[in-house]
Amino acid sequence: MNASTPSPHRSRPSSAEDWLARLLSPDCNASDHTAFEDWLAESPGNALAYAEVESLHQLAGALRSGAGSSAAGPALTKRPTAARRKHAWPRSLAWAAALVLGIGGGLWLIADFRQVPFSQYATAVGEQRHVTLPDGSRLVLDTDTLVRVTYERSWRRIALSRGRLQADVAHDASRPFVVTSGVGSVRALGTVFQVERQSGNTIVRLLQGRVVVDTPAGRTRELYPLQQLAYDPAGKLESPKSIDSEAAESWTRGRLVFNNERLADLVSEFNRYSRDQLVLSEATLGDIRVSGAFNADDQAGLLAALRQGWGLQAKPAGKNRIELSASKQ
Amino acid sequence: MIFIPGRVPSDQAFEQFLGEQHPILVSYLRKYGISHDDAEDIAQESLLKLTRYCDLPPDALKPLLYRISINALRDLRRRSSVAHRKSIFDPIADAHDIPDELPQPEQWTAHRQELARVRAAVDQLPARCREVYLLNRIDGMSYSQIAQHCGISVKAVEKHVGKALSSLRTLLSVQAESSDTYSPKP
């Protein structure tokens, strides 16, 4: 009896193998489960190692049907058919679809997605769109943005695949509103905030209320109104910066506002709205500081301002490319 | 089984994975006798937690997803069996297996070879370690049952299982490196 009594201060496992052995134990409790997830999220290496060990363990379970027979025993080849019959029809359909995805790709869309209620919203380059969600929350989608909205009983989930959104969240304490982007997520109660996805990095800007940003590397971090917080593809958080609400919200009205910002940043911001991409003739031009307010769809107006204010000349440089250079005087 | 971290799936592939797994996960959880709402809650929460790992290859996501869900299922059942002062199921023994993907006919040969390598590796484990691991994995005995059967502590069972897993992993990775015919999943 005494031998199987769990000691109150057990050590936490430190390897993937020891974690799996712990999780299979009757002594494993909810706090072990939390510690396990913390360990998993600590590094992609931990998660990968764990997945490998778990798969190995599952594979070893498949030896059961071969029951000590020779390696090439026919029992193993028969197993798929037998196992498939046991499952209900929709599930075997789903597995078949999963395999199709793994091998050929494509067909899963038809087989599976109708079972998950979601709506997808996309905007074209240069387009903006206002969306009102079933609970009254509102989204503003910026140019070239793709989001998927899934409303479930206990979550309102918005997955940002690319672009930028502003969310004005209807308060519902029992159903958190969560925007996921990259490895991280932003959880809100009733609030107005923005999430922007830019070449793998994510920037969160809070205008009103409270949000909690969660990434595997940075863990959770609460933002105060008029702060922005960025994280990289690995989830590493930068320190929060303060923002101006007027400037932060300007894009939702189709205006782009710059206050002493790098020309390189202005150019990349404008390029998000246009097929005609601006390029700089020399990288050093990128460090010029510029200020001004422009309509996002008015590239001609921008070029005129850059010529007059900063002496920059624009000329076509191939299909859909406009090169900016310092004027020769 | 080796995962290649270099192969980063697109966000779209990740979203597809979530959409695809959701109904399968819910019906998997319901088999353990919980309500549809509880199964939905666990599935939602587990899928949400998985976004932390969205840059991992899809092959690695599934074991993580199911383990996270199984842990949540066990937490839920532990809470409800405490609340009702009874246990309808053995909450430990019957919530283990992750549904395996059925190999396609063209994969059967590879699958057989992989199993043969696992079997060979199991045969190389130290006797006690192998016995404990197989009692758990093949005979489906819980740690407590094994402890009783072998006259050792539950803690010792856990140690043997951990040791078995790490030896198997080492043996199989050595085999994979030295084998010409074996190649990891593309």
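Convention: sequence-line order gives letters A, B, ...; per-chain numbering from 1.
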*Determine yes or no for a side-chain-to-main-chain donor-acceptor pair under 3.5 angstrom, with R74(B) supplying the side chain and A30(A) the backbone.*
no
_H57(A)/N136(B) under side chain to side chain contact (heavy atoms under 4.5 Å, CB included): CA gap, chis, key distance, verdict_ = CA-CA 11 Å; H57(A) 183 64; N136(B) 177 251; 4.2 Å; yes
*Rounded to the nearest 0.5 Å, what separation is found between the CD1 atom of I70(B) and the CG atom of L23(A)?*
9.5 Å
*What part of L146(A) gets closer than 4.5 Å to chain B, counting heavy atoms only: side chain, backbone, both or neither?*
neither
_Proximity breakdown for Q148(B) and chain A, heavy-atom pairs closer than 4.5 Å_ = neither
*Taking C-beta and beyond as the side chain, do R52(B) and V183(A) meet within less than 4.5 Å on heavy atoms?*
no
*Identify which part of A49(A) has an atom lying under 4.5 Å from any heavy atom of chain B, answering side chain, backbone, both or neither.*
both
*Apply side chain to side chain contact (heavy atoms under 4.5 Å, CB included) to the pair R137(B) and L24(A), showing each step before the final yes or no.*
CA-CA 10 Å; R137(B) 194 70 195 106; L24(A) 299 174; over 6 Å; no
*Determine, stepwise, if the pair R67(B) / W19(A) fulfils side chain to side chain contact (heavy atoms under 4.5 Å, CB included).*
CA-CA 11 Å; R67(B) 185 54 67 190; W19(A) 261 120; over 6 Å; no
*Could you check if a side-chain atom of L165(B) sits within less than 4.5 angstrom of a side-chain atom of E54(A), using non-hydrogen atoms only?*
no
_I need the single residue from L18(B), L47(B), T51(B), L50(B) that forms a side chain to side chain contact (heavy atoms under 4.5 Å, CB included) with T180(A). Which is it?_
T51(B)
*Per-residue contact mode, K159(B) against chain A (heavy atom under 4.5 angstrom)*: neither
*Taking side chain as C-beta onward, heavy atoms only, is Y53(B) less than 4.5 Å from L40(A)?*
yes
*Any idea which of L168(B), L48(B), L134(B) has the most non-hydrogen atom pairs under 4.5 angstrom with chain A?*
L48(B)
_For the NZ atom on K163(B), are there more than 12 heavy atoms of other groups (residues, nucleotides or ligands in this structure) within a distance under 6.0 Å?_
no
